[in-house]
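Read the structure below first, then the notes.
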Amino acid sequence: MECIGPDESPTTPRKHIPGIPDYGWRVPLTYNCSVKCKPFAKPRLNQIPQYVGLGLRYAKFWLEKKRRGRRPFIDHLNQMKHKPIYGCPLGGIGSGTIGRGYKGEFCRFQMVPGMYHYHTIDADQFLVCIRKNDKTVYQKVLSCGPRKKKSVLKAWDWSFPAENGIYHALYPRAWSIFCIPELKVTLTCRQISPILPHDYLETSLPVAAFIWNIQNDGDEDLEVSITFTFKNGLGTKEDRAGGVWSEGFKCDCDGDDEAIGAVIHQQFKDMKCSYGIAAKATESVSVSVKEQFDPCGSGFELWNLLEKTGQLNTDIKTDPAPPTSKGQELASAVCASQTVNKKSQSFCEFALSWDMPQVKFAAGENLYTRRYARLFGTEGAASKLCGYTLRNYPIWETKIEAWQKPMLESSSLPAWYKSALFNELYFISDGGSVWIDITKGCSTESHHNTVLKYGRFAYLEGQEYRMFNTYDVHHYSSFALLMLWPKLQLSIQYDYGDTVTLEDRERVKFLMSGDNGIRKVVNCVPHDIGDPEDEPWKRVNAYNIHPTDDWKDLNLKFVLQVYRDFNAVKDMEYLSFMYPKCKASFSKYYVLIDSAKVWDTDGDGIIDNGGYADQTFDAWVMKGASAYCGGMWLAALRMMIEMADELSLNDDKEIFQVMLDKGKKSFEQKLWNGSYYNYDSSSSGYHDSVMADQLAGQWFLKASDLADETIFPAEHVIKSLMTIFKNNVMGFQNGYMGAINGTRPDGKMDLSSPQSEEFWVGITYALAATMIQEGLVEEGFRTAYGAYHICWDVLGLHFQTPEAYTLNQGYRSLAYMRPLAIWAIQWALEKFHPNMVPGCELVSRAGETDIMQDSAYDAEGNKWDDSDVTYNDEVKA
């Protein structure tokens, strides 16, 4: 794989464009990724024997799912294909998302929670019509993306020259620039989604704003119309099921201005959903609507109307149109028209909404109300959402700019990092996220005030790995939530805390071994909170490849996150609830009453891995004491001591101190080899491999202000990091690939498992954060750059960052949770190098209690007041 340095990247901005940040992911519309990536196919020949049984059992599992009309949580037989087309997605958090390609197409839909449809929809477009002296002189579709069916909408002109366009993304905003040199006109579309740190309601809105700036540098006045078209459905055959209807609407949005548009009403499965499109009518901008046209026809009627008049129907039809028959589809259009004087500029404003306030998962056992319905209700609010967006997007944008400004203006941060930090955050919304309010009587009801007030949150391990809140992976990405929406991080923690002492005795077959076991074992942290194809929160542990009650890292990661979060937010109610759960989770390691050994098989004070995949590297075997799990074990013990001290539990503190004193000696004796910590203490041929993530325990310990040189000596930490940097980072493409998971002492790849020879994006970012915490700032940024560079500049994996990639241009699990670990780098910078990010405040507003910011208004335009909201009878009392 050919790699290039950071100053040579084809997507690094080199020229300032007024009105657009200098930092972000920028490409010309002519950009096409020339690299042909492929999904992970099969392990090496020497690795195959261990997976034969798994393959046979998985095939049976897959067929059983198919017979029931369901999909497995990981569908290896239908892997996502490489589509290097994506740009900044649309929408807030937890209410569904719509993807948009960098060339202008709408191309990825997640309306049903956790379920994706990867279709480009030809009828979802922006069109421009420019008239001079009452005659149309220019009319085109403002998109250069691929078309699904060239036989439809063939009356439209799709020939906008790609060489005249530029795309720039800095999540949650994006800019599309279309230059029309023959008329000296430049059109710039600014796309805004309400992703607002420390906001717990507007951030959940299923909306986006599109602000079109029209620059007329010519010598004549021009009449310019921008038209927004949108169709029903998700680009699937179900779009033609019939029963879809539309209506026009008008609503107040800002003083004397009106939001004018159309709503398309439909159903996905048995859940109601409405799309709303609107434009703001002002003194200078007139808005016209076509409530219904055929998106499968030629498009001549709409195109011809624009060409003749520059607008659509000015008489808005607010009566519902007749529903479509089976086999029909439906689209609506809204047009904003104005005169743009010579040598001047003007703008027009559009909104898109998708209102699906109540949802079910595939099992259909509960009806959940999405978070944003607290403000907009459950009886159809697509038009109100559009009006709200057109009124409030300037406030959102001001807040986004204030949030991003300290990082963007820092002269100490690399340009690529400023792009990576925000653009990798796309997954927080487009990772199948679900944000619901808790209602009394729901079988997954919560009694925690934090969950009741701020809602319940879940996001997928990956768009291909459909499990919610996968805990071993969330461990890495949790820094993003803790820094930006700390109450959601606490909500996830409460959900997991509730599961620790529960048991679910449903019988499950584990695909790797073929053994049977129970779904959830008492005193174990589950692997995940459930599958959207089942009933999350009620039935946890969708993952059935291994029995995760025997995983050595899950309980430890729970303890590590509990203390780190407490140290950040200083919430004693949270600690008082979590500590007994942490202590119960330790019973898998030691039964504290009689000190009976469970996972410390030789009594040396360090837990032992079992010689099978029993941690997040679930295809990379560890046996005996391991640097990864053993290090986290020591860090967790240190945190248990600190928590016991906070709660004045002196007996517990003494027990954990004895365990720690014994364990840290064994850890050094068994694993330290003078240059780094060995992979494990077994006699295997790879026991002395250099693992990139060998300091996972030290990483969390120091990030939580508990660095203790008696556990991990500073000299050993630095030596290990420099060995990793030499072997795992600089040993591959001169450091421009990130960190490979494992190498042999001589720097060659560890080929003992498929995962040891992979580069994991999230692990690379976590390693970089560890380096930066320890003062190795240059090495940390060089390490992290490699992962971003390969995914965004080389392999065309922008806005679908995978779990892993390989030297032979392969990838595994597109659009994955763990790359959010880049926010661990920001955590390290703000905590240990605040001079590099002046103006940033670590977990600022971590103790906030307001549901919304003071700019919020309800659906009728009245200022939001939280005082009369009833969460349930307990809270009200």
Salt-bridged, E642 to R638, with N to O below 4.0 Å?
yes

Would you find more than 12 non-hydrogen atoms of other residues, nucleotides or ligands less than 6.0 Å from E506 atom CD?
yes

Side chains of M722 and L776: does their closest heavy-atom pair fall under 4.5 Å? yes

By side-chain contact (heavy atoms from CB on, under 4.5 Å), D645 pairs with (sequence neighbours left out) K653

Taking every heavy atom of A768 against every heavy atom of I825, the minimum-distance pair comes out as CB-CD1, 3.8 Å

| said: If you apply the rule side chain to side chain contact (heavy atoms under 4.5 Å, CB included), what do you find for W827 with L482, and how did you get there? | reply: CA-CA 10 Å; W827 179 276; L482 181 59; 3.6 Å; yes

So salt bridge (charged side-chain N to carboxylate O under 4.0 Å, His left out) across residues 613-627, not counting sequence neighbours, yields K552-D614

List the atom pairs, with distances to 0.1 Å, where a side-chain N or O of residues 687-701 and a protein N or O form a donor-acceptor pair under 3.5 Å, not counting sequence neighbours.
{"residue": "H687", "atom": "ND1", "partner": "S684", "partner atom": "O", "Å": "2.9"}
{"residue": "D688", "atom": "OD1", "partner": "R744", "partner atom": "NH1", "Å": "2.8"}
{"residue": "D688", "atom": "OD1", "partner": "R744", "partner atom": "NH2", "Å": "3.0"}
{"residue": "S689", "atom": "OG", "partner": "Y686", "partner atom": "O", "Å": "3.2"}
{"residue": "S689", "atom": "OG", "partner": "R744", "partner atom": "NH1", "Å": "3.0"}
{"residue": "S689", "atom": "OG", "partner": "D750", "partner atom": "OD2", "Å": "2.7"}
{"residue": "D693", "atom": "OD2", "partner": "Y476", "partner atom": "OH", "Å": "2.5"}
{"residue": "Q694", "atom": "OE1", "partner": "Y677", "partner atom": "N", "Å": "2.8"}
{"residue": "Q694", "atom": "NE2", "partner": "M691", "partner atom": "O", "Å": "3.0"}
{"residue": "Q698", "atom": "NE2", "partner": "E774", "partner atom": "OE2", "Å": "2.8"}

Between S585 and N555, the two heavy atoms sitting closest are O-ND2, 2.8 Å

Scanning both residues in full, the closest heavy-atom pair of A584 with V500 reads CB-CG1, 4.3 Å

Taking the side chain from D680 and the backbone from M622, do they hold a donor-acceptor pair closer than 3.5 Å? no

Self-check item: Test item: N728 side-chain N/O and A739 main-chain N/O as donor-acceptor pair under 3.5 Å
Solution: no

Close side-chain approach of F759 to Y811, heavy-atom, < 4.5 Å = no

Closest non-hydrogen contact found for I492 with Y459 is CD1-CE2, 4.3 Å

- Item | Flag side-chain contact, heavy atom, 4.5 Å: R818 against V761 | no

d(S753 OG, E758 CD) to nearest 0.5 Å is 7.5 Å

Distance-only polar pair, side chains of K581 and T501, donor-acceptor under 3.5 Å:
yes

Test side-chain hydrogen bond (donor to acceptor under 3.5 Å, both in side chains), reference H474, set Q489, Q493, E461, output is Q489

With no hydrogens and no angle check, is any side-chain donor or acceptor of S704 less than 3.5 Å from a backbone partner on L706? no

If only atom types and distance count, is the side chain of N609 paired as donor or acceptor with the main-chain N or O of G611 below 3.5 Å?
no

The side chain to side chain contact (heavy atoms under 4.5 Å, CB included) partner of Y563 among M578, M639, M640 is M639

In this structure, CD1 of I606 is separated from OG of S626 (nearest 0.5 Å) by 9.0 Å

Partner of H527 under ring-ring contact (aromatic ring centres under 6.0 Å, His included), picked from Y543, F468, F73, is Y543

With side chain to side chain contact (heavy atoms under 4.5 Å, CB included) as the test, would you mind laying out the steps for H833 and V777 before giving the verdict? CA-CA 9 Å; H833 306 279; V777 176; 3.6 Å; yes

Note: D504 and I518 closest approach over all heavy atoms is O-CB, 3.6 Å

Between the CH2 atom in W823 and the CG atom in L829, the distance rounded to the nearest 0.5 Å is 11.0 Å

>> Quick check: do S681 and L671 have side-chain heavy atoms less than 4.5 Å from each other?
In response: yes

Quiz item: Are any of the side-chain heavy atoms of L460 and P532 separated by less than 4.5 Å?
Solution: yes

### Task
Spell out, as yes or no, whether a donor-acceptor pair under 3.5 Å connects the side chain of Q615 to the backbone of D553.
no

Between W760 and the options Y805, F617, W620, the ring-ring contact (aromatic ring centres under 6.0 Å, His included) test singles out F617

Would you check if the side chain of R456 reaches a backbone N or O of S491 as a donor-acceptor pair within less than 3.5 Å? no

**Report entry** Heavy-atom donor-acceptor pair, W633 side chain to D608 backbone, under 3.5 Å
**Finding:** no

Residues 762-773 vs side-chain hydrogen bond (donor to acceptor under 3.5 Å, both in side chains), sequence neighbours excluded, gives E424-Y765

More than 12 heavy atoms from other groups under 6.0 Å of NZ on K570: yes

Between Y676 and I724, is any pair of side-chain heavy atoms under 4.5 Å apart?
no

Passes salt bridge (charged side-chain N to carboxylate O under 4.0 Å, His left out), K662 versus D600? Steps please.
CA-CA 12 Å; K662 187 176 184 180; D600 179 8; 5.5 Å; no

- Task: Indicate yes or no for a side-chain donor-acceptor contact from K557 to the backbone of D472 under 3.5 Å, with no hydrogens or angles considered.
- Result: yes

Rounded to the nearest 0.5 Å, the CG atom of L637 sits from the CD1 atom of I655 at a distance of 11.5 Å

For E533, the side-chain contact (heavy atoms from CB on, under 4.5 Å) test, sequence neighbours excluded, returns R70, R71, M115, A362, R466, D531

Do I772 and F832 come close enough that some side-chain heavy atom pair is under 4.5 Å? no

d(D708 CG, L634 CG) to nearest 0.5 Å is 10.0 Å

query: Near E64 CD, under 6.0 Å, is it more than 12 heavy atoms from other residues, nucleotides or ligands?
result: yes

Applying side chain to side chain contact (heavy atoms under 4.5 Å, CB included), run through T710 and D661 and close with a yes or a no. CA-CA 9 Å; T710 69; D661 290 341; over 6 Å; no

Residue pairs passing the ring pair (Phe, Tyr, Trp, His ring centres under 6.0 Å) test with at least one member in residues 493-524, sequence neighbours excluded, are H448-Y494, Y471-Y496, Y494-Y574, Y494-F577

Rounding to 0.5 Å, atoms OG (S675) and NZ (K719) come to a distance of 6.5 Å

### Message
Determine whether a donor-acceptor pair (N or O, by modelled atom type, separation under 3.5 Å) exists between the side chain of R57 and the backbone of M512.
### Response
yes

(message) I'd like to know if the side chain of D571 reaches the main chain of D565, judged simply by a donor and an acceptor atom lying under 3.5 Å from each other, with no hydrogens or angles considered.
(response) no

Item to check | Side chain to side chain, D549 and N541, heavy atoms closer than 4.5 Å | outcome: no

A542 and G530 have their tightest heavy-atom pair at CB-C, 4.1 Å

task = Please indicate whether K831 has more than 12 foreign heavy atoms, meaning atoms of other residues, nucleotides or ligands, lying under 6.0 Å from its NZ.
result = yes

